[in-house]
Amino acid sequence: MKYHLWTIGCQMNSADSRHVGAALEALGGVPTPDPHQADVIVLNTCVVRQSAEDRAAGFLWSLKPLKERRPGLVIALMGCMVGVKGNGRLREVFPHVDVFLPPGDARGLVEWLTERAGQAHPPAPCQGEPHPPAPVESEPHPPSPSPLRGEGERSPSPLAERGLGGEVLAERGLGGEVLAERGLGGEVLALVSEPHPPAPSPLRGEGGRSPSLPTRKPGVSAPVAALLGCNHVCSYCIIPSRRGPERSRPLDEILTEVRSLAAAGVREVVLLGQIVDRYGYDLGATAPRLPDLLAATAAVEGIVRVRFLTSHPTYFDDRLVEAVATLPAVCEHIEVPIQAGDDEVLARMRRGYRVDDYRRLIERLRARLPGCAIATDVIVGFPGETERQFQATLDLLAELRMDVCHVAMYSPRPGTLAARTMPDDVPVEEKKRRLDAVNALQEQIAAEINARLLGQRVEILVEGRQKGRWKGRTRTNKLVFFDDDSGTDWRGRLVDVRITWTGPWSLIGDVVAA
Ligand code: SF4
């Protein structure tokens, strides 16, 4: 059985996909990058932003002719498009989908495949599809007919693929090429379709998650879900309704997964949660919290770096600051969204803090963690956002000078409070202007911050090669490229480089020690 796993959205989805791949490989599955060669295709979806939903729907529609030619092909739809409660309407809209799965839970697919395998005449494995046009992930998919949109929602824009102005490029390569797109909340809208390390263990734990025991070489850095769902009700956000309430994974389950990843060569773990700082809150007063999880993860043999995201200004307490300050493996890299620089807008967003609270947090972080990098998120064009309120956001960004600002244009998500009660009254061209203004300001700030690293020696963890160069990241998550023709395999190694060139999105250096 060959399977193709297509993933879009946040790092949580990437972590979920690893578990799906593991579950399929436990059934004897082998990953393939070509959907036309696959017997099973799983789409792991995101609906946080309209463009991500359009992209998933477009890919799904492009699979319909393939399914008609090969009825034995299994198509599974997973993730936030389905949600924890399922989505009955999807069955009508996409009748060519066989299985619908909630976020991170492959059990339904495993049961379905197991049951089918027990039938008298299981469909023959795919012999290869010679000619159908391949839906290449890096290419835009056909525009969705948009069956999922509610009344009054905007029709898909032909520019939706990159946002009407390319909502944010948090990371760019040397030539300015996009390495990752980000959406609301800083989630990466990058596509992943890689082989995932299989788990021979049966599915267990939250959402059918099993601590994976990889046999294939995974990446140098791996996302690991710590906390699932969210109890907050930010008025624009669809995540609580799609991923359910907050649930922390047991510490030992997370550590088993981290150990298995370390055994497979992973050197860095990124602990994930919608509000990762709230890890353990739902497990009782004496349960381990995020600082405990960070310490335990950092102690796993083979793990040299630990990151965590995403934080919330309300929950970044002193104990967490101390954990970052004192645990050598925990990186000085904080992702804590502000979303808007105006108290009235923040109140309508239901974020639960004021601008001054955020200011004080940034002061506290910089006082205890000198040299730390802080990334934030901003939404522009939220309902009712006036020019003065937008200017307050720009002024705050200029004042706080963050290392990264992920900016997205507001788009109403069906079922959210904002979509129900707040008219989407900022014209799209105005949203685009505001987005461009934030990007221009942030580019200048990031260039100035990074320029301070010129001539400095920094430690990077090498992730691999890109366009003929080695690339890695500093502890502060800055992307660094270096050249080396010696034939050394630097992947997974901690290397000291001296920075010789800086730009807003990346740096270049020379190796000085490994
Ligand atoms: S904190 Fe707010 S924006 Fe983040 S996932 Fe929860 S509801 Fe969504």
Side-chain angles (χ1 to χ4, degrees), residues 11 14 18 33 137-138 169-181 188 190-197 214-223 258 261-270 298 300-307 328-333 371-373 375 403-404 443 446-514:
Q11 289 202 50
S14 300
R18 191 176 67 242
E137 269 89 332
S138 57
L169 306 179
E171 298 163 29
R172 292 178 194 248
L174 286 169
E177 75 277 23
V178 179
L179 300 181
E181 291 177 84
V188 177
L191 293 174
V192 179
S193 187
E194 296 172 349
H196 294 275
T215 55
R216 275 189 187 74
K217 199 169 177 60
V220 170
S221 177
V258 172
L261 290 167
V266 166
R267 311 293 314 279
E268 175 183 279
V269 163
V270 186
V300 171
E301 194 178 340
I303 297 300
V304 296
R305 285 185 178 178
V306 183
R307 302 182 192 273
V330 177
C331 294
E332 305 79 29
H333 160 212
C372 69
D403 292 76
V404 173
E443 181 171 348
E448 289 166 6
I449 291 174
N450 290 348
R452 295 204 299 259
L453 290 171
L454 195 64
Q456 292 203 19
R457 181 173 169 154
V458 295
E459 181 194 72
I460 63 169
L461 176 60
V462 182
E463 295 175 353
R465 286 178 76 82
Q466 185 178 317
K467 295 192 174 173
R469 285 187 142 134
W470 288 100
K471 66 166 183 176
R473 283 178 191 276
T474 64
R475 291 175 61 88
T476 52
N477 208 37
K478 296 192 187 294
L479 187 60
V480 180
F481 292 86
F482 68 91
D483 292 316
D484 179 66
D485 299 326
S486 68
T488 306
D489 184 2
W490 296 100
R491 196 171 177 275
R493 291 171 64 171
L494 288 170
V495 178
D496 278 2
V497 296
R498 192 166 308 282
I499 300 300
T500 57
W501 178 89
T502 67
W505 319 118
S506 62
L507 316 169
I508 298 177
D510 291 330
V511 176
V512 290

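Every residue was checked against the side chain to side chain donor-acceptor pair (under 3.5 Å) condition with R465, not counting sequence neighbours, and none meets it. Contacts of R267 classified as salt bridge (charged side-chain N to carboxylate O under 4.0 Å, His left out), with partners at least two apart in sequence or in another chain: none.
Listed here is the closest heavy atom pair of S506 and W501: O-CZ3, 3.4 Å. In terms of heavy atoms, I499 sits closest to L453 at CB-O, 3.3 Å. T476 and G371 make their closest contact through CG2-O, 3.5 Å (heavy atoms, listed as atom of the first residue, atom of the second, distance). Closest non-hydrogen pair, A446 versus P504, comes out as CB-O, 3.6 Å. Heavy atoms only, all atoms of each residue included: R491 and G219 are closest at NH2-CA, 3.6 Å.
Between the side chain of T500 and the backbone N or O of I508 there is at least one donor-acceptor pair closer than 3.5 Å. Without hydrogens or angle criteria, D496 side chain to V512 main chain gives no donor-acceptor distance under 3.5 Å. Of the possible polar contacts, one joining the R475 side chain to the V330 backbone as a donor-acceptor pair under 3.5 Å is found. Side-chain atoms of R305 do not come within 3.5 Å of backbone N or O of S221 as any donor-acceptor pair.
Between F482 and W490, the ring planes are perpendicular. Angles over 60° get that label, and only those under 30° would be called parallel.
Pairs of residues two or more places apart, or lying in two chains, that qualify as salt bridge (charged side-chain N to carboxylate O under 4.0 Å, His left out) and include a residue from residues 479-488 are R469-D483.
Distance check, rounded to the nearest 0.5 Å: CD of E463 to CZ of R493 gives 15.5 Å. Separating the CG atom in L507 from the CD atom in Q456 is a distance of 10.5 Å, to the nearest 0.5 Å. Note that CD of E301 and CD1 of I303 are 10.5 Å apart. Values are rounded to the nearest 0.5 Å. Between atom CG of residue D510 and atom CZ of residue R457 there is a gap of 12.5 Å, rounded to the nearest 0.5 Å.
Each of V497, I460, T488 was scored for a side chain to side chain contact (heavy atoms under 4.5 Å, CB included) with V511, with one residue passing: V497.
Here the side chains of K478 and D403 are in contact, with some heavy-atom distance below 4.5 Å.
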